[in-house]
Novice: 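Handing you a structure now.
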Amino acid sequence: QWERLWFLILTFTFFLTLVWFYFWWEVHNDYNEINWYLYNRMGYWSDWSIPILVTAAAGFLYITALLILALCHIAVGQQMNLHWLHKIGLMATLVVTVVTMSSIAQLWDDEWEMVVISMQATAPFLHIGALAAVTALSWLIAGQFARMEKATSQMLIFTAYFAIVVALYLVPLTVSSPCIMEKKDLGPKPAIIGHRGAPMLAPENTLMSFQKAVEQKIHGVQADVAIRQVCVTVCFNYDGVPFLMHDKTLRRTTNVEEVFPELAYEHSYMFNWTDLERLNAGKWFLRSDPFWTAGSLSGSDYLEAANQSVCKLADMLQIAKDNMSVILNFQDLPRDHPYYSTYINITLQTILDSGIQQQAVMWLPNTERQLVRQIAPGFQQTSDIKADAERLRDKGIKQLNLRYTKVTSEDIREYAAANLSVNLYIVNEPWLYSILWCAGVQSVTSDSSQILSKVPFPVWLMPPHEYNLIWITADLISFTIIVGVFIFQNYHMIRWRLGSIRTYNPEQIMLSAAVRRSSRDVKIMKEKLIFSEINNGMENADELSLCSENGYSNEGIASLDRRDMKLRMD
């Protein structure tokens, strides 16, 4: 009973570590977002994604090795006999996996939606892999079925395995992927908007980053505008100069802790432009290497990145005005800020003075939209709130800027029918870009514009009839193999059931089914067969003794004794 319990714990841990490893592998698209989230909670920058991925992979591989060894023991009729060190390792892996999964669920529950989206890209291939694994297990299941003495046990294991196989055969009925479509129905390639420039090639929100974005010939850039010291995405200083900064403080992307250590934790809107000009906004990129790309920079790019400074909105617009469109976003200033009542006017005036075409500006903030329409009627009003298409149109919204986990293929089609353009962020992986491409998304915001710009076609695209053909063929091959394995493993029992060798007793049938197996069960069956033959021989001897009194010969008894001796020697 304890061995069975440990096997159940091992099996449960295997599936749990498999889910955790798959999850952490698929969220590679959001590693930088995870690190930034942890930075805000812990106060210092560290790359947690790779250690967690390595730990998840190590736990999964360890549990997989234990499960394979356990199945090998079961296949030859032996107990698992798990060593106490492995029992400790098994329980430690289970506890660590449960704790980490629970922590992610509480701190970052939205990311679990990534698993659902990833299944649109991986489900057809995971189905084939699962089908191969379950088919391979048929040899083990059929062997267990043949060795079981009770019909109820046989029916239980057969029914459970059959239910799993049938469910797996029907899984494709639930698979829905936008990339299962005809090639002729594929829409145009989504435009790529650089997130804070090209942050994998240069420090974010710097002139170098936006210049790299221009070199990539991408559609546009997204900038976090700030007039000196506004919060998070927009900062405004007391001089009223809008500049580019994402975080609330300057700690992560500047050397403020070295230059102004007493102001390191102050909001960026507490600095004047003279102080901001003294800060370096590039060395952190080379030191932290948030995307593991700093080492690939050329010598000249490395030196240029090391000498970047805080970037004004006006300087960025001079780069973008003849090359791309811009998504502008910022947060409101506190009421006690000297430019609280005029920061929107200052921002609008800076944009209009730059010479950039109004149609190239996507205005994201919800503050004072009516004022913005009056001063700059050509701006494309963009919303980051998901709502009904008609309601958005009534508000004058022309575009949506949403996280990729917040919309479905049906939402995208609905917005497209209402002539609303959808931009999704942050999309870094080619497989995710391909799924959104198939879904009909018009544009995406990306940190890896240099990678996505080289994707000529979705990673995979399959017509429905081809997918159905692969699905049915795989199921038929699997079914044929499973039936063949069960027939081969239970050949003697099937013959006995059909009546061709009804003289076999149960031990003979099980021993025949277990031929070429060296195990304790086989030895037990041999002993049972010997004693069964001896008992039969003794009964026959008694009958022949009675017959001899009536004049019959006892030669049969001597023959029986010789056969008993031979069985015992065997």
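All heavy atoms count here, side chains included; hydrogens, waters and symmetry mates do not.
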Novice: Quick one: do the T445 and N423 side chains pair a donor with an acceptor below 3.5 Å?
Specialist: yes
Novice: For E277, give me all partners under side-chain hydrogen bond (donor to acceptor under 3.5 Å, both in side chains), at least two apart in sequence or on another chain.
Specialist: W273
Novice: Supply the atom-to-atom distance Q308 CD to M208 CE, rounded to the nearest 0.5 angstrom.
Specialist: 6.5 Å
Novice: Please round to the nearest 0.5 Å and tell me the distance separating atom CD of E26 and atom CZ of F21.
Specialist: 9.5 Å
Novice: With a 6.0 Å cut-off (strictly less than), is the heavy-atom count around CH2 of W45, excluding the residue itself, greater than 12?
Specialist: yes
Novice: Could you tell me whether the side chains of Y37 and D30 share a donor-acceptor contact shorter than 3.5 Å?
Specialist: no
Novice: Tell me whether the NZ or CZ atom of K183 lies within the 45° cone about the ring axis of F457 and under 6.0 Å from its centre.
Specialist: yes
Novice: Apply side-chain hydrogen bond (donor to acceptor under 3.5 Å, both in side chains) to residues T249 and D247 and explain how you reach the verdict.
Specialist: CA-CA 5 Å; T249 69; D247 296 3; 5.7 Å; no
Novice: Report all side-chain donor-acceptor pairs from residues 253-261 shorter than 3.5 Å, counting only partners two or more places apart or in another chain.
Specialist:
from : atom 1 : to   : atom 2 : distance (Å)
T254 : OG1    : L250 : O      : 2.5
T254 : OG1    : V256 : N      : 3.3
N255 : OD1    : N280 : N      : 2.8
E257 : OE2    : R251 : NE     : 3.1

Novice: In this structure, are over 12 heavy atoms from other groups packed under 6.0 Å from K321 atom NZ?
Specialist: yes
Novice: Within the distance-only criterion (no hydrogens, no angle test), does the side chain of D388 pair as donor or acceptor with the backbone N or O of L392 below 3.5 angstrom?
Specialist: no
Novice: Determine whether the aromatic ring centres of residues W20 and F23 are separated by less than 6.0 angstrom.
Specialist: yes
Novice: Got a donor-acceptor contact below 3.5 angstrom from the N428 side chain to the S446 backbone?
Specialist: no
Novice: With sequence neighbours left out, what residues match Q381 under side-chain hydrogen bond (donor to acceptor under 3.5 Å, both in side chains)?
Specialist: R369
Novice: Just verifying a value: how many Å separate M316 CE and N205 CG, rounded to the nearest 0.5 Å?
Specialist: 8.0 Å
Novice: Please tabulate, one pair per line, all N/O donor-acceptor pairs under 3.5 Å involving side-chain atoms of residues 117-130, not counting sequence neighbours.
Specialist:
from : atom 1 : to   : atom 2 : distance (Å)
S118 : OG     : Y22  : OH     : 2.9
S118 : OG     : M114 : O      : 3.4
S118 : OG     : V115 : O      : 2.7
T122 : OG1    : Y22  : OH     : 2.6
T122 : OG1    : S118 : O      : 3.0
H127 : NE2    : L168 : O      : 3.0

Novice: With a cut-off of 6.0 Å (strictly less than), are more than 12 heavy atoms of other residues, nucleotides or ligands near CH2 of W112?
Specialist: yes
Novice: Does anything in residues 170-191 pair up under ring-ring contact (aromatic ring centres under 6.0 Å, His included), and if so which pairs, sequence neighbours excluded?
Specialist: none
Novice: Does any N or O in the side chain of D47 come within less than 3.5 Å of the main-chain N or O of P290, such that one atom is a donor and the other an acceptor?
Specialist: no
Novice: Would you confirm whether T206, through its side chain, and S209, through its main-chain N or O, come within 3.5 Å as a donor-acceptor pair?
Specialist: yes
Novice: Return yes if some donor-acceptor pair links the side-chain N/O of K212 with the main-chain N/O of Q450 below 3.5 Å, else return no.
Specialist: no
Novice: Would you tell me whether D353 and T350 have side-chain atoms, one donor and one acceptor, within less than 3.5 Å of each other?
Specialist: no
Novice: Using a 6.0 Å cut-off, check whether atom NZ of K395 has over 12 heavy atoms from anything other than its own residue.
Specialist: no
Novice: Once disulfide bond (SG atoms under 2.5 Å apart) is applied, do any residues pair with C438, and if so which ones, sequence neighbours excluded?
Specialist: C179
Novice: Just checking K398: does its NZ atom have more than 12 heavy atoms from other residues, nucleotides or ligands closer to it than 6.0 angstrom?
Specialist: no
Novice: Sub-3.5 Å donor-acceptor pair from the side chain of S288 to the main-chain atoms of F285, do we have one?
Specialist: no
Novice: Would one find more than 12 heavy atoms of other residues, nucleotides or ligands at under 6.0 Å from atom CD of E390?
Specialist: no
Novice: Ignoring hydrogens and angles, state whether a donor on the side chain of N29 or W431 is under 3.5 Å from an acceptor on the partner side chain.
Specialist: no
Novice: Among T93, T13, L16, whose side-chain contact (heavy atoms from CB on, under 4.5 Å) with V98 holds?
Specialist: L16
Novice: So, the side chain of S449 versus the backbone of A198: is there a donor-acceptor pair under 3.5 Å, distance only?
Specialist: no
